[in-house]
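Just so it is clear: chains get the letters A, B, ... in the order the sequence lines come, proteins before strands, and each one is counted from 1.
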Amino acid sequence: MSLKIYNTLTRKKEEFQPIDEEQVKIYTCGPTVYDYFHIGNARAFVIPDILKRYLEYKGYQVFHIVNFTDIDDKMINRAEEEGVNIEELAERFIEAYFEDTKRLNIKKADAYPKATEHIYDIIELIEILEEEEYAYEVDGDVFFAVKQFEDYGKLSNQSLEELASGSRVDINEKKRNPLDFVLWKNSKAGEPSWDSPWGAGRPGWHTECSVMSMFYLGRKFDFHTGGVDLVFPHHENEIAQSEAVTESQVVNYWLHNGYINIDGEKMSKSLGNFFTTREIFAEYDPQVVRFFLISKHYRSPINFSDAELAVAQKGLERLKNTVQRLDNLIAGDQQELKPGSSVEYEELTELIETKKKKFVAAMDDDLNTALAIGSLHELAKELNTLINTSDLQLAQGLISTLEKAADFFAEAGEVLGLEFSGEEIKDDNLVAPLIELLLKIRSEAREEQNWDLADQIRDELAELGVKIEDTAQGVEWKLE
RNA sequence: GGUGGCAUAGCCAAGUUGGUAAGGCAGAGGACUGCAAAUCCUUUAUCCCCCGGUUCAAAUCCGGGUGCCACCUCCA
């Protein structure tokens, strides 16, 4: 079985053929670090993480680059608003990015280049484009001449004429063609700038991704990911820049995730109807947020709401519950085991295999996480039915079969980036109130002179390392 | 105007090399339970926006229509 991926470039599902059998290269358009990222951005970071994890599951080594856009209009404006310098602003939100992606259980990329670290590489690329007559300079601005690039429009499946007719582009007298885009921007007074052959200025947005992707991944790499809104113009322009230089296809597979909507309307920073990911973390476990994001196919638009998250929470809990029961049974008192024949559980073993195959087939089919999760639910249902059987005998054959099921859940969890079993990360704040609660019960028991219960609470808490002291001022406790 | 996509039960949602509708949530019934909660099980679409066609067979293919969303301006 092999992985099939929908390629925006060809508008078809294609069988994945790695350039290098050993190592797959992925470039992801990362955030502009002027704010906390919102739940829509989160999707664009989780989806490539799923791709990466699944490729690793399939035995590939993955080399993944995520860039930070740390110089552009938004950065300049926000820095000014907040009265900080741009570097500080970038640093702050890069840190926030790492915190938030960590909580979403997104694996680290191999490198996180910043645009400002590659200014001279960007200048070099523009110089080549200028030499080859793909670019022209007007008063310190440098533009890419889209007419010079024959394939312009191939990603968004648009011809220049079509793009022009629907164009809402501002008329810029300097441009030869309204669709020409800025490679190098002449800086205004007070703006950050770098010296260049065209005077002081800064790079245009699209250029950095061409430069950084080829710098780290070479002139040919496997995947480029981003949100659908980046198809045009960002990725279209990136193709133009890169391929004008390489004269051959740079990216094999373009992956674009769908939007997150609010009440059917797209969520975006410009519309202001967005929720930052960390805002949502205050209400929901990051695992739930991740589960929500992958419970639908990555190319479909998804609606975001409190109700949807609540549904995701219940769905995830259901799976976790089953795995927990499984773990409990497996860890159960081994002495109680009765001899059992493995033949009895052959059916269950087959079932696990079937669901596993379904899971893999779903992931193979354009990363159909929704279907894959469905197979987990199906297995959970079967296991629960079995576990609920009152005359369930803990025979050795059953235990090893249940272990297979638990292994499968662990494996699936690794692919999906979810933890179904094990200790939940409980809020530390829970410990103190719990102990206080027990102490209150103990006090009540003492008042009723129920010394047995009171002592039991004290002794068993002591075993757990909680030492109780009855003082004149009341009950005190401490952790040993 | 161009381009891409969507329309499946109360809600969310999977499903095209055509073969007789996954899964989740809610609802209903039940198991368990001193009570409650939690948990678990069962159950819910004669039918997949509409019309027509191809076929032994279509949610899946073809033609036409309707509605919705996105991109064509910074946006994941």
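At a threshold of 4.0 angstrom between heavy atoms, the contacts of Gly258(A) include nucleobase atoms, whether or not backbone atoms are also involved. Heavy atoms of Asn157(A) sit under 4.0 angstrom from primed sugar atoms or phosphate atoms, though from no base atom. Here Lys296(A) lies in heavy-atom contact (under 4.0 Å) with sugar-phosphate atoms only. Backbone-only contact: His297(A) has heavy atoms under 4.0 Å from sugar-phosphate atoms and none from a base. Contact annotation for Gly40(A): base contact, defined as any heavy-atom pair under 4.0 Å involving a base atom. Backbone-only engagement by Pro233(A) is indicated by non-hydrogen atom pairs under 4.0 Å involving sugar-phosphate atoms exclusively.
Atom C1' of A9(B) sits at a distance of 32 Å from the matching atom of A76(B), rounded to the whole Å. Across A37(B) and U43(B), the matching C1' atoms stand 23 Å from one another, rounded to whole Å. Atom P of A57(B) sits at a distance of 15 Å from the matching atom of U20(B), rounded to the whole Å. Straight-line distance between the C1' atoms of U39(B) and U33(B): roughly 11 Å, to the nearest whole Å. The separation of A7(B) from A13(B), taken at their C1' atoms, amounts to 13 Å, rounded to a whole angstrom. If you take atom P in G2(B) and the same atom in U17(B), they sit 31 Å apart, rounded to whole Å. Between G5(B) and C51(B), the distance separating the two P atoms is 25 Å to the nearest Å. Nucleotides G63(B) and A70(B) have their C1' atoms positioned 26 Å apart, rounded to a whole Å.
Base pairing analysis places U20(B) opposite nothing; no Watson-Crick or G-U wobble pair with both distances below 3.5 Å involves it. A 3.5 Å limit on both hydrogen-bonding distances identifies no Watson-Crick or G-U partner for A13(B). Within the shown strands, G30(B) is the pairing partner of C40(B) under the Watson-Crick or G-U definition, both distances less than 3.5 Å. In this structure, G1(B) and C72(B) make a Watson-Crick or G-U wobble pair, each of the two defining distances being under 3.5 angstrom. In this structure, C6(B) forms a base pair with G67(B), meeting either the Watson-Crick or the G-U wobble geometry with both donor-acceptor distances under 3.5 Å.
Between Glu236(A) atom CD and U3(B) atom P there is a gap of 14 Å when expressed in whole angstrom units. Atom-to-atom, CD1 of Ile106(A) to C1' of A76(B) comes out at 12 Å; the value is rounded to the nearest Å. We find that NZ of Lys12(A) is positioned 12 Å from P of G4(B), with the value rounded to whole Å. Taking atom CG on Asp229(A) and atom C1' on C72(B), their separation rounds to 13 Å, with Å as the unit. Atom P of nucleotide U3(B) and atom CZ of Arg299(A) are separated by 19 Å, given to the nearest angstrom. Taking atom CZ of Phe274(A) as the reference point, atom P of C74(B) lies 19 Å away to the nearest angstrom. Atom-to-atom, CG of Asn384(A) to P of G24(B) comes out at 11 Å; the value is rounded to the nearest Å. G24(B) atom C1' lies 13 Å from atom CG of Leu371(A), rounded to whole Å.
Checking Lys357(A), Lys58(A), Lys4(A) one by one against Asp364(A), the salt bridge (Lys or Arg N to Asp or Glu O under 4.0 Å) holds for a single residue, Lys58(A). In summary, of the residues considered (Asp73(A), Asp72(A), Asp141(A)), a salt bridge (Lys or Arg N to Asp or Glu O under 4.0 Å) with Lys185(A) occurs for Asp73(A) alone.
Using a 3.5 Å distance cut-off with no hydrogens or angles, the side chains of Ser213(A) and His224(A) do not pair a donor with an acceptor. Under 3.5 Å, the side chains of Asn105(A) and Arg290(A) contain no donor-acceptor pair of N or O atoms. Between the side chains of Thr322(A) and Asn384(A), at least one donor N or O sits under 3.5 Å from an acceptor N or O. Defined by atom type and a distance below 3.5 Å, a donor-acceptor pair is missing between the side-chain atoms of Asn77(A) and Tyr34(A).
Positionally, the nearest nucleotide of RNA chain B for Tyr6(A) lies more toward the 5' end than for the other of Tyr6(A) and Ile260(A). Each of Arg325(A) and Glu378(A) was assigned the nucleotide of RNA chain B with the nearest heavy atom; the assignment lying further toward the 5' end belongs to Glu378(A).
The backbone N or O of His38(A) lies less than 3.5 Å from a partner atom in the side chain of Asn41(A), making a donor-acceptor pair.
Close to A14(B), at under 4.0 Å from its OP1 or OP2, lies no side-chain N or O of Asn368(A). In this model, the phosphate group of A26(B) is approached by a side-chain N or O of Lys314(A) to a distance below 4.0 Å at OP1 or OP2. For the OP1/OP2 pair of A76(B) and a distance below 4.0 Å, the side-chain nitrogens and oxygens of Asn41(A) include at least one atom meeting the criterion. Contact annotation: Tyr259(A) does not reach the phosphate of C75(B) (side-chain N/O to OP1 or OP2, under 4.0 Å). For the pair Arg318(A) and G24(B), the criterion of a side-chain N or O lying under 4.0 Å from OP1 or OP2 is met. Note on Ser300(A): a side-chain N or O is less than 4.0 Å away from OP1 or OP2 of A14(B).
For the pair Arg176(A) and Phe143(A), the cation-pi criterion (under 6.0 Å, within 45° of the ring axis) is not fulfilled.
Comparing atom distances between the Asn257(A) side chain and each of A22(B), C12(B), A76(B) picks out A76(B) as nearest. You'll find that the side chain of Gln158(A) is closest to G2(B), out of G2(B), A70(B), A22(B). With distances taken from any side-chain atom of Lys74(A) to the nucleotides C74(B), G2(B), C72(B), the minimum falls on C74(B).
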